[in-house]
Every structure is written in C-alpha cells, then in structure tokens.
Colleague: 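Sharing a structure below in structure tokens format, with a few things to ask.
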Amino acid sequence: MPEAATLDKFRALAGTRLPQERVERLAELVLGMEDVDLAAIASMLATDTDPEIIS
C-alpha cells in the first residue's frame with residue numbers, strides 16, 4: 001500500500017477515537033521514525049481526557 005493510502009487509512013481510523021490534532025501529531029511522529037521520540041508517542045497515546053475513549 002502506498003504511503004499516502006496508508007496515511008489516509010490511519011487518519012480515518014484513528015480519527016474515530018482521537019481528536020484530529022492528536023491524529024496529525026501521531027502521524028508526524030510515526031513518519032519521522034528515524035528521529036523517533038518514544039516518550040512523545042507514549043504521551044500522545046496515554047494522555048486522554050475523553051471519557052468515551054478511556055472506557
């Protein structure tokens with residue numbers, strides 16, 4: 001699957017559970033894996049105030 005199609009699919013799926021701002025930030029972090037910041041990725045995934053997502 002081409003990168004653009006993969007990114008579109010990620011945005012569509014992640015966007016059902018995460019705010020758009022976080023989806024975009026996660027996409028940026030994952031696409032830049034060479035300069036990976038695991039702490040930032042973990043923080044983006046763990047910091048959630050939306051009760052619907054937590055439950």
Side-chain angles (χ1 to χ4, degrees):
M1 181 180 293
E3 184 177 306
T6 302
L7 190 52
D8 288 343
K9 186 172 184 176
F10 170 77
R11 286 179 173 136
L13 294 172
T16 66
R17 306 304 274 162
L18 299 171
Q20 190 62 34
E21 179 181 299
R22 289 179 61 195
V23 171
E24 292 304 318
R25 181 65 180 132
L26 282 168
E28 289 174 17
L29 289 168
V30 171
L31 289 174
M33 278 295 198
E34 296 83 28
D35 303 315
V36 72
D37 183 349
L38 292 177
I41 292 173
S43 176
M44 290 294 292
L45 291 171
T47 307
D48 204 332
T49 58
D50 186 345
E52 183 179 319
I53 295 172
I54 295 171
S55 58

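Along the sequence shown, the residues carry numbers beginning at 1.
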Colleague: Around atom CD of Glu28, are there more than 12 heavy atoms from other residues, nucleotides or ligands closer than 6.0 Å?
Modeller: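 Yes, because the 6.0 Å sphere around CD of Glu28 holds more than 12 heavy atoms from other groups.
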
Colleague: Restricting to non-hydrogen atoms, name the atom on Arg11 and the atom on Val23 that form the minimum distance, rounded to 0.1 Å.
Modeller: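 Residues Arg11 and Val23, closest heavy atoms: CA-CG1, 3.8 Å.
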
Colleague: In Å, rounded to the nearest 0.5 Å, how long is the span from CD of Glu24 to CG of Leu29?
Modeller: 11.5 Å

Colleague: Using the rule that Ile, Leu, Val, Met, Phe, Trp and Tyr join whenever any side-chain heavy atoms are under 4.5 Å apart, tell me whether Val30 and Leu18 fall into a single cluster.
Modeller: yes

Colleague: Name all residues meeting the side chain to side chain contact (heavy atoms under 4.5 Å, CB included) criterion together with Leu31; count only those two or more places apart in sequence or in a different chain, and write none if there are none.
Modeller: Glu3, Leu7

